[in-house]
Amino acid sequence: MAGSHLPIAVAHGEGCAEFESDAHLARLERAGLVAARFVNHYGAIANRYPDNPNGSPGGMTALTTPDGRVTILMPHPERMFRAVQHSWHPDDWKEDGPWIQLFRNARVFVG
């Protein structure tokens, strides 16, 4: 999923990531544990609404463990895995939206 730019559905503005200190946030960044970020239409990190709907620092919307086995995220991919769940989508999407790949990857991972 690295490098993917995926549309999200916004249902609320809660879920802002909060950290005990700027140093803690910096450690997560340095360790490469930020798994996903809100970005704008140009792919730049989104720091403000509406591109960052909950105001998370640095657009953070997902964190992972060092081994990648556990990832927490604010977007709800289960709400966006089918093309028809999007208010608009390119004609070439057919049945699946781009978030379906997350679920396919998980299935491969667990065997």
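This structure is a prediction, so every number in the text was calculated from the model and none was measured.
Between Y49 and N54 the shortest side-chain heavy-atom distance does not fall below 4.5 Å. Residues W99 and L6 are in side-chain contact: their nearest non-hydrogen atoms beyond the backbone lie under 4.5 Å apart. Contact of the L102 side chain with the F81 side chain is not registered, since no non-hydrogen atoms from C-beta on lie closer than 4.5 Å. Proximity of H86 to P7: side-chain heavy atoms (C-beta onward) are separated by under 4.5 Å at one or more points.
More than 12 heavy atoms of other shown residues, nucleotides or ligands fall within 6.0 angstrom of atom CG in D67. By the neighbour-count criterion of 12 heavy atoms within 6.0 Å, atom NE2 of H41 is sparsely surrounded, having that number or fewer from other residues, nucleotides or ligands.
Here the closest non-hydrogen pair linking H5 and V39 is CD2-CG2, 4.3 Å. A pairwise comparison of heavy atoms in P57 and A17 identifies CD-O, 3.2 Å as the closest pair. Heavy-atom minimum distance, I45 versus G58: CG2-O, 3.1 Å. Minimum heavy-atom separation, N47 to G59: OD1-N, 3.9 Å.
In this structure a side-chain-to-backbone donor-acceptor pair under 3.5 Å is present from N52 to A46. In this structure, the side chain of S56 does not engage the main chain of T61 through any donor-acceptor pair within 3.5 Å. Side chain of N40 to main chain of A44: a donor-acceptor pair is present (N/O by atom type, distance under 3.5 Å, no hydrogens or angles). No donor-acceptor distance shorter than 3.5 angstrom exists from the side chain of N105 to the backbone of F109, with no hydrogens or angles considered.
Through side-chain heavy atoms spaced under 4.5 Å, either directly or across other Ile, Leu, Val, Met, Phe, Trp or Tyr residues, F19 is tied to L25, L28, L33, V34, M60, L63, I72.
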Working for salt bridge (charged side-chain N to carboxylate O under 4.0 Å, His left out), residues D22 and R27: CA-CA 9 Å; D22 289 341; R27 282 194 306 273; over 6 Å; no
message: Does R82 form a side chain to side chain contact (heavy atoms under 4.5 Å, CB included) with I100? I'd like the steps, not just the answer.
response: CA-CA 7 Å; R82 298 189 63 221; I100 193 69; over 6 Å; no
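Placement of M74 and M80 in two distinct hydrophobic clusters is found when ILVMFWY residues are connected by side-chain heavy-atom separations under 4.5 Å, directly or transitively.
Between R37 and D51, no side-chain nitrogen of the basic residue sits less than 4.0 Å from a carboxylate oxygen of the acidic one, so the salt-bridge criterion is not met.
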